[in-house]
Amino acid sequence: MIPAATRYARASDLDHALELLAEPDARAIAGGQSLIPVMKLRIARPSLVVDISRLELGGVSERDGELHIGPLTTWDGLIEAAALRRPALAAIVECARGIGDLQVRNLGTIGGSVVHADPASDMPAVLLALGARLCLRSPNGERELAVADALVGPFTTSLGQQELVIDIVIPTPPTASGSAYASVEHPASGFALAGAAALVTPDGETVALTGVGATPFALAGDLADAEIYGDRFASAEYRRALAAVVTHRALSAARERAQEDA
Ligand SMILES: Cc1cc2nc3c(=O)[nH]c(=O)nc-3n(C[C@H](O)[C@H](O)[C@H](O)COP(=O)(O)OP(=O)(O)OC[C@H]3O[C@@H](n4cnc5c(N)ncnc54)[C@H](O)[C@@H]3O)c2cc1C
């Protein structure tokens with residue numbers, strides 16, 4: 001389908017982008033890999049599309065014991081990032097490698113993926129397992145928000161209309177840590193029917209799931225007690241069984257990587 005008519009403006013800098021987003025129905029666009037499809041389906045009909053793709057908000061670096069991922073970093077940028085080449089952060093690269101096709105990985109961004117909040121998207125599970133926070137900027141200033149608090153429902157976040165993700169911050173896991181991501185994908189869409197991200201550190205193990213609930217979520221307690229949903233693609237029972245399989249795979253790989261890192 002063809003999107004409804006809209007206006008387009010390219011933001012010259014962050015302040016300009018925030019100013020443009022003052023229009024109530026304006027929407028930011030980064031790689032367009034999620035916004036354009038929902039505009040084509042006319043699920044989204046922004047009056048103004050604010051292009052933020054040229055802002056300097058990309059790249060991966062580590063400082064003061066924390067990893068900083070710019071929201072405009074593409075999947076390909078994550079795959080290539082030297083700062084992610086360690087067992088503790090392997091889940092990020094492993095997850096990015098499995099997303100979409102070449103075009104999606106060249107254009108789609110990590111920030112766009114989190115804010116699009118697709119309940120079956122892969123990377124939010126990894127960010128949850130790694131305890132990531134979003135650094136947000138609005139005309140009122142900056143604030144930090146845990147990814148878990150940002151994802152409030154299917155395709156819904158707690159971000160304000162005039163709020164942009166300007167950084168994604170992950171506490172660097174200690175030595176002897178490993179992480180991994182495993183999923184079973186729908187054969188047509190490639191999206192996760194069930195995906196699990198695991199982080200194993202000397203202090204404990206964390207698992208986060210995607211594709212099985214209203215939002216990706218960190219597993220608290222036993223999988224048997226988790227609220228798992230079903231739809232026309234897979235029943236709740238089948239998804240629960242898949243979740244157990246991918247959790248096992250992700251945890252096993254993360255434990256092995258933690259040993260490599262010791
Ligand atoms: C063919 C295809 C296959 C795909 N396969 C997968 C897959 O296997 N797994 C998976 O997880 N995803 C998949 N995706 C989705 C895709 O990876 C992400 O949704 C995409 O990367 C989102 O990033 P973007 O830059 O394209 O976001 P955009 O489409 O530009 O924006 C998405 C949303 O985020 C908002 N936004 C963007 N950047 C910011 C920011 N910095 N601050 C605040 N709001 C922002 C926009 O306003 C919009 O609401 C696929 C997409 C396609 C088209």
Side-chain angles (χ1 to χ4, degrees), residues 1-55 57-58 70-75 96 99-101 103-125 127 134-140 145 147-166 168 185-186 188-193 195 210-211 213-217 229 231-233:
M1 263 176 75
I2 298 170
T6 184
R7 287 154 30 245
Y8 168 91
R10 179 179 293 155
S12 51
D13 58 29
L14 195 51
D15 288 336
H16 185 213
L18 296 175
E19 206 178 287
L20 290 165
L21 287 169
E23 186 169 318
D25 291 326
R27 287 281 284 275
I29 191 164
Q33 297 304 293
S34 292
L35 186 61
I36 300 281
V38 292
M39 284 174 65
K40 284 183 167 176
L41 292 169
R42 302 209 177 190
I43 294 168
R45 292 176 179 224
S47 57
L48 172 68
V49 170
V50 178
D51 187 347
I52 60 167
S53 65
R54 307 253 174 121
L55 303 186
L57 291 175
L72 292 182
T73 312
T74 60
W75 302 131
I99 291 177
D101 52 23
Q103 177 183 327
V104 172
R105 289 194 295 276
N106 272 317
L107 289 170
T109 67
I110 187 168
S113 173
V114 177
V115 179
H116 184 59
D118 187 321
S121 56
D122 296 285
M123 194 58 81
L127 295 177
L134 305 178
C135 181
L136 305 172
R137 170 89 67 86
S138 76
N140 301 326
L145 187 66
V147 170
D149 296 328
L151 302 172
V152 293
F155 304 100
T156 311
T157 69
S158 55
L159 270 67
Q161 159 66 19
Q162 255 182 302
E163 216 163 26
L164 286 173
V165 180
I166 57 165
I168 298 171
E185 296 172 353
H186 186 286
S189 72
F191 275 86
L193 283 175
T210 189
T215 66
F217 59 92
Y229 83 152
D231 60 15
R232 66 201 159 108
F233 298 125

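Start at 1 with the first residue, then count along the sequence.
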Undergrad: Give the minimum heavy-atom separation between Ile52 and Ala17, together with the two atoms involved.
TA: CG2-CB, 4.0 Å

Undergrad: Can you name the closest pair of heavy atoms from Leu21 and Val50 and give their distance?
TA: CD2-CG2, 3.9 Å

Undergrad: Quick one: salt bridge (Lys or Arg N to Asp or Glu O under 4.0 Å) pairs with a partner in residues 36-45, sequence neighbours left out?
TA: none

Undergrad: Applying ring-ring contact (aromatic ring centres under 6.0 Å, His included) as the test, list every pair that has at least one member in residues 104-124; sequence neighbours left out.
TA: His116-Phe155

Undergrad: So if I apply the side-chain contact (heavy atoms from CB on, under 4.5 Å) rule between Gln33 and each of Ile99, Thr109, Val104, which one comes out positive?
TA: Val104

Undergrad: I need the minimum non-hydrogen distance between Ala9 and Leu20, along with the two atoms involved.
TA: CB-CD1, 3.9 Å

Undergrad: Under a 4.5 Å cut-off applied to non-hydrogen side-chain atoms, are Leu145 and Ser158 in contact?
TA: yes

Undergrad: Taking all atoms of both residues into account, what is the closest heavy-atom pair of Ala192 and Gly195, and its distance?
TA: CB-N, 4.1 Å

Undergrad: Count the heavy atoms belonging to other residues, nucleotides or ligands that lie under 6.0 Å from CG of Leu41, then report whether that count exceeds 12.
TA: yes

Undergrad: Are the side chains of Leu127 and Ile110 in contact, using a 4.5 Å heavy-atom criterion?
TA: yes

Undergrad: Taking the side chain as every heavy atom from C-beta outward, state whether Val147 and Leu134 have any atom pair closer than 4.5 Å.
TA: yes

Undergrad: What residues, two or more places apart in sequence or in another chain, satisfy side-chain hydrogen bond (donor to acceptor under 3.5 Å, both in side chains) together with Glu163?
TA: Arg143

Undergrad: Can any side-chain N or O of Thr210 pair as donor or acceptor with the backbone N or O of Asp122 at less than 3.5 Å?
TA: no

Undergrad: What's the shortest heavy-atom distance between Leu55 and Leu72, and which atoms?
TA: O-CD1, 3.2 Å

Undergrad: Is there a donor-acceptor pair closer than 3.5 Å between any side-chain N or O of Thr156 and the backbone N or O of Pro154?
TA: yes

Undergrad: Closest heavy-atom contact between Leu18 and Ser138?
TA: CD1-C, 3.8 Å

Undergrad: Set out, in order, the CA-CA distance, both residues' side-chain angles and the distance that settles side chain to side chain contact (heavy atoms under 4.5 Å, CB included) for Thr157 and Val114, then state yes or no.
TA: CA-CA 9 Å; Thr157 69; Val114 177; 5.8 Å; no

Undergrad: List for me each residue that meets side-chain hydrogen bond (donor to acceptor under 3.5 Å, both in side chains) alongside Asp51, sequence neighbours excluded, and say none if there are none.
TA: Tyr8, Ser53

Undergrad: Rounded to the nearest 0.5 Å, what's the gap from OG on Ser113 to CD1 on Ile168? Could you check?
TA: 8.5 Å

Undergrad: Taking the side chain as every heavy atom from C-beta outward, state whether Leu164 and Leu136 have any pair of such atoms under 4.5 Å apart.
TA: no

Undergrad: Do Pro216 and Leu151 have side-chain heavy atoms sitting under 4.5 Å apart?
TA: yes

Undergrad: Only counting residues at least two apart or in another chain, list the ones meeting side-chain hydrogen bond (donor to acceptor under 3.5 Å, both in side chains) with Ser12.
TA: His16

Undergrad: Between Leu159 and Val115, is any pair of side-chain heavy atoms under 4.5 Å apart?
TA: yes

Undergrad: Sorted by first residue and then second, give each salt bridge (Lys or Arg N to Asp or Glu O under 4.0 Å) pair with at least one member in residues 20-32; sequence neighbours left out.
TA: Arg7-Glu23

